[in-house]
Novice: 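I have a structure here, written as structure tokens, and I will follow up with some questions on it.
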There are 2 protein chains.
Amino acid sequence: METTNELQDFIINGYKHYIPHISIDAAIFGYHDHQLKILLSGFKSLGGYCLPGGYIKRTETLDEAANRIVAERTSLTDLYLQQYKTFGDPDRIKWNELDFEKFSEKLGIPYFKDSWLIDQTISVGYYALTDFSLVTPKAGLMSDSCDWFNIDEIPPLLYDHDQMVKDALHTLRVQLYYYPIAEKLLPAKFTLTEIHAVYETLLGKKLDIRNFPKKLVFLGLIKKLNEKRNIGPHRAPFLYKFDLKKYTKALETGTTLT
Amino acid sequence: METTNELQDFIINGYKHYIPHISIDAAIFGYHDHQLKILLSGFKSLGGYCLPGGYIKRTETLDEAANRIVAERTSLTDLYLQQYKTFGDPDRIKWNELDFEKFSEKLGIPYFKDSWLIDQTISVGYYALTDFSLVTPKAGLMSDSCDWFNIDEIPPLLYDHDQMVKDALHTLRVQLYYYPIAEKLLPAKFTLTEIHAVYETLLGKKLDIRNFPKKLVFLGLIKKLNEKRNIGPHRAPFLYKFDLKKYTKALETGTTLT
DNA sequence: TTCTATTTGGTAAATTTTACACAATAAAGT
DNA sequence: ACTTTATTGTGTAAAATTTACCAAATAGAA
């Protein structure tokens, strides 16, 4: 929080560059070792975690804003981003539970509670998918930390962000059946067992280890490479990669996956 | 437009009760005689049509606001309503093409262009389904007319509403495959041929006249009644109705329909 | 009674999904 | 060099679902 000046300026003058009353919150998902992960921002002053979020510049489209907000936490641009729902319950933020005096003092700003930030805000929910291993989470201007959490080990979140995660996850799961977006969660080369595990974890159900990869190959979505992975004292599995052409088409058209 | 006072008050003081910078626009669909219809608001001053829309009261949830806005045009509440996408391109409204002088004069308000309404606005898109025959379209506070249009005969719309219709229709079609929402477009009692026609028009593709209804019956979604409809010089078809229990469950769970 | 247009029961063929047996193989231990 | 262990991956048969379409039923008009 060394850039206090920048923060003060955002709180006092932000409304000139950002649209008030609207924010974006992003559920950024990653996958590692049979676990679905999500990126959460920690706020010491609020004593809790919430989804990474931000405001929309007056010059940006929603997608551009979401991209920027996601990039601020992951340092990666052009992640797979999907707008899934907009949240606008008038009581989604419990203003009376926030200690404005404390904030004013901490931020060095006289009347924080009168700022443009402190008013009813509707939030556009996006979810993003990324290869877990490529991300080094970064805390932002307001937040104190940013870290990966296993999806079934996240603490109760601030505001209505528990509901946001639930809805994002639901959309992700539905879309996973029709769009081969597992590609976004895997490295460029992977084994059949690995992609099988991604689908089992994300969908939360068993898929036949032989039939499932067979279908992916049959649809032409993935192609066998002439390389194997060494996995110790077992038969070395072949590596596969997504077929870009078929994959791109399936992303647009949709294909039923089991 | 006899309630000029009400309108003036909305333009001048509306921001006290409504959230600025955010609106809701609704694509209200109906079906009649092999045609999908959509409700459009006409604006003489703008010389064009757009989707019925409105602002969100500070006490309302988004769904409540959408319900109110839809009810203002249809006089019907509790229609099937789905939020499908939020639109926020900075240039979705071409401000420079609007003649504020003319508006000010017409509305009897000195500086219309300085009102809270004239600023970047993000719009939450909803689509609604309703039995065409139950609706008597009503013009609203700002609009001059409100009428049904065949979906393939709508004029170019104002703002980004062409894109909104396109996206709403896409969502409707996708959802029609998994949720038996044709129920919302049909009267309580209908023949197999009628429900078959609804699906063919909405999906824009041929469905086998025998297999399709057979599947609906097999899934238990619709049930045969002990009544027939007189259709002139042909064999009288049986009437069917949706099975409320199976139908409600399918709305939540989803079922694949061909 | 016959004709026309439409509804509907039934059934066979084609396709897709599901289940599962077993052969292949990599490396470590004996 | 052979055995053991754990995992990969080919093949195939059974089950279920989807698709195609024949032919009978039927209502009113000619």
Side-chain angles (χ1 to χ4, degrees), chain A residues 33-34 176-178 180 182 186-187 189-201 203-243 246 250 253-258, chain B residues 33-34 176-178 180 182 186-187 189-201 203-241 246 250 253-258:
Chain A
D33 192 24
H34 292 250
L176 199 62
Y177 273 97
Y178 301 105
L186 286 163
K189 299 175 180 180
F190 50 86
T191 69
L192 292 183
T193 308
E194 284 164 356
I195 192 172
H196 174 250
V198 168
Y199 275 90
E200 278 202 344
T201 338
L203 296 176
K205 74 177 194 184
K206 289 281 172 201
L207 297 170
D208 189 291
I209 185 92
R210 279 143 297 183
N211 293 331
F212 178 71
K214 215 186 300 179
K215 178 148 191 181
L216 292 179
V217 174
F218 173 74
L219 292 171
L221 284 172
I222 60 175
K223 284 201 304 199
K224 190 194 274 187
L225 298 172
N226 221 345
E227 297 174 64
K228 295 183 179 187
R229 164 161 300 164
N230 193 312
I231 53 160
H234 304 297
R235 177 175 175 175
F238 278 98
L239 287 171
Y240 284 75
K241 67 168 183 180
F242 275 87
D243 179 296
K246 285 268 177 60
T253 322
T255 329
T256 307
L257 299 179
T258 192
Chain B
D33 191 24
H34 292 251
L176 199 63
Y177 273 97
Y178 300 105
L186 285 163
K189 298 174 182 180
F190 50 86
T191 70
L192 293 184
T193 308
E194 284 163 357
I195 193 172
H196 174 250
V198 168
Y199 275 91
E200 278 201 345
T201 1
L203 295 177
K205 73 177 196 187
K206 290 281 173 203
L207 297 169
D208 189 288
I209 184 90
R210 278 141 294 184
N211 293 331
F212 178 72
K214 214 185 300 178
K215 178 149 191 181
L216 291 178
V217 174
F218 173 76
L219 292 171
L221 284 172
I222 61 176
K223 284 200 305 199
K224 190 194 274 187
L225 297 171
N226 222 345
E227 296 174 66
K228 295 183 180 187
R229 164 161 300 164
N230 193 311
I231 52 160
H234 305 298
R235 176 174 177 178
F238 278 98
L239 287 171
Y240 283 75
K241 66 167 183 179
K246 284 267 176 62
T253 322
T255 330
T256 307
L257 298 178
T258 191

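All values reported here derive from a predicted model rather than from experimental measurement. So you know, we letter chains A, B, ... as the sequences are listed, proteins then strands, and number each from 1.
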Novice: Which whole-number value in Å describes the distance from B/Leu239 CG to C/dT7 C1'?
Specialist: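 From B/Leu239 CG to C/dT7 C1': 13 Å.
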Novice: Less than 3.5 Å between a donor and an acceptor, one on the side chain of A/Lys206 and one on the base of C/dT18, is that the case here?
Specialist: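 By the distance-only test, no, there is no pair.
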Novice: Do B/Tyr178 and A/Tyr178 have ring centroids that are under 6.0 Å from one another?
Specialist: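 Close enough - the centres of the two rings lie under 6.0 Å apart.
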Novice: Could you check which of D/dT7, D/dC21, C/dC20 has an atom nearest any side-chain atom of A/Asn211?
Specialist: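 Within the option list, the nearest is C/dC20.
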Novice: Can you confirm whether B/Leu257 sits close enough to B/Tyr199 that some side-chain heavy atom of one is under 4.5 Å from a side-chain heavy atom of the other?
Specialist: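 B/Leu257 reaches B/Tyr199 side chain to side chain.
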Novice: Do any side-chain nitrogens or oxygens of B/Lys215 fall under 4.0 Å of OP1 or OP2 in D/dT18?
Specialist: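 For B/Lys215, the contact criterion (side-chain N or O under 4.0 Å from OP1 or OP2 of D/dT18) is met.
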Novice: As an exercise, state the distance from CZ of B/Arg210 to CG of B/Leu192, rounded to the nearest 0.5 Å.
Specialist: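 That separation rounds to 12.5 Å.
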Novice: Under a 4.5 Å cut-off applied to non-hydrogen side-chain atoms, are A/Leu221 and A/Asp243 in contact?
Specialist: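 Result no, sub-4.5 Å side-chain heavy-atom pair not found.
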Novice: Roughly, in whole Å, what's the span from CD in B/Glu194 to P in C/dT7?
Specialist: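 Taking atom P of C/dT7 as the reference, CD of B/Glu194 is at 9 Å.
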Novice: Hey, could you give me the CG/CD distance between A/Asp208 and A/Glu200, rounded to the nearest 0.5 Å?
Specialist: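 Interatomic distance, A/Asp208 CG to A/Glu200 CD, rounded to 0.5 Å: 9.5 Å.
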Novice: Return the 5'-most residue of the pair B/Thr256, B/His234 with respect to DNA chain D, ranking by each residue's nearest nucleotide.
Specialist: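 Final value for this comparison: B/Thr256.
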Novice: Select one nucleotide: of D/dC21, C/dG10, D/dG9, the one nearest the side-chain heavy atoms of B/Asp208.
Specialist: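 Of the options given, the side chain of B/Asp208 lies nearest D/dC21.
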Novice: What does A/Ile209 touch in the nucleic acid at a heavy-atom separation under 4.0 angstrom: a base, only the sugar-phosphate, or nothing?
Specialist: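 Result for A/Ile209 = nothing.
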Novice: Could you give the CG-to-P distance, from A/Leu216 to D/dG9, as a whole number of Å?
Specialist: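 The answer, rounded to whole Å, is 13 Å.
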Novice: Report yes if some heavy atom in the side chain of B/Ile231 is under 4.5 Å from a heavy atom in the side chain of B/Pro237; otherwise report no.
Specialist: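 The answer is yes, as the side chains (C-beta and beyond) meet within the 4.5 Å cut-off.
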Novice: Donor-acceptor pair, distance only, cut-off 3.5 Å: does the side chain of A/His34 make one with the backbone of A/Thr201?
Specialist: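 No, because the side chain of A/His34 does not come within donor-acceptor range (under 3.5 Å) of the backbone of A/Thr201.
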Novice: Whole angstroms only, please: what is the NZ-C1' distance between A/Lys214 and D/dA13?
Specialist: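 Going from NZ in A/Lys214 over to C1' in D/dA13 covers 11 Å.
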Novice: Once hydrogens and angles are ignored, does a donor-acceptor distance under 3.5 Å link the base of C/dT7 to the side chain of B/Arg235?
Specialist: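 Counting by modelled atom types and ignoring angles, a donor-acceptor contact under 3.5 Å is found here.
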Novice: In whole angstroms, how far is the C1' atom of C/dT7 from the CD1 atom of B/Ile222?
Specialist: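 About 14 Å, once rounded to whole Å.
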Novice: For B/Ala236 and for A/Arg210, locate the closest nucleotide of DNA chain C by heavy-atom distance; then report the residue assigned to the nucleotide nearer the 5' terminus.
Specialist: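 The residue whose closest nucleotide sits nearer the 5' end is B/Ala236.
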Novice: To the nearest Å, how far apart are B/Phe212 CZ and D/dT17 P?
Specialist: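 The distance from CZ of B/Phe212 to P of D/dT17 comes to 18 Å, rounded to the nearest Å.
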Novice: Residues from residues 224-233 of chain B sitting under 4.0 Å of DNA chain D, heavy atoms only?
Specialist: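 Those residues whose heavy atoms fall under 4.0 Å from DNA chain D, taken from residues 224-233 of chain B in numerical order, are B/Lys228, B/Asn230, B/Gly232, B/Pro233.
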Novice: Identify whether any heavy atom of B/Thr193 sits under 4.0 Å from a base atom; if not, whether one sits that close to sugar-phosphate; answer base, sugar-phosphate or nothing.
Specialist: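 B/Thr193: backbone/sugar contact only, no base atoms under 4.0 Å.
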Novice: Round to a whole Å and report the spacing from CZ of A/Phe238 to C1' of C/dA24.
Specialist: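 Roughly 11 Å, once rounded to whole Å.
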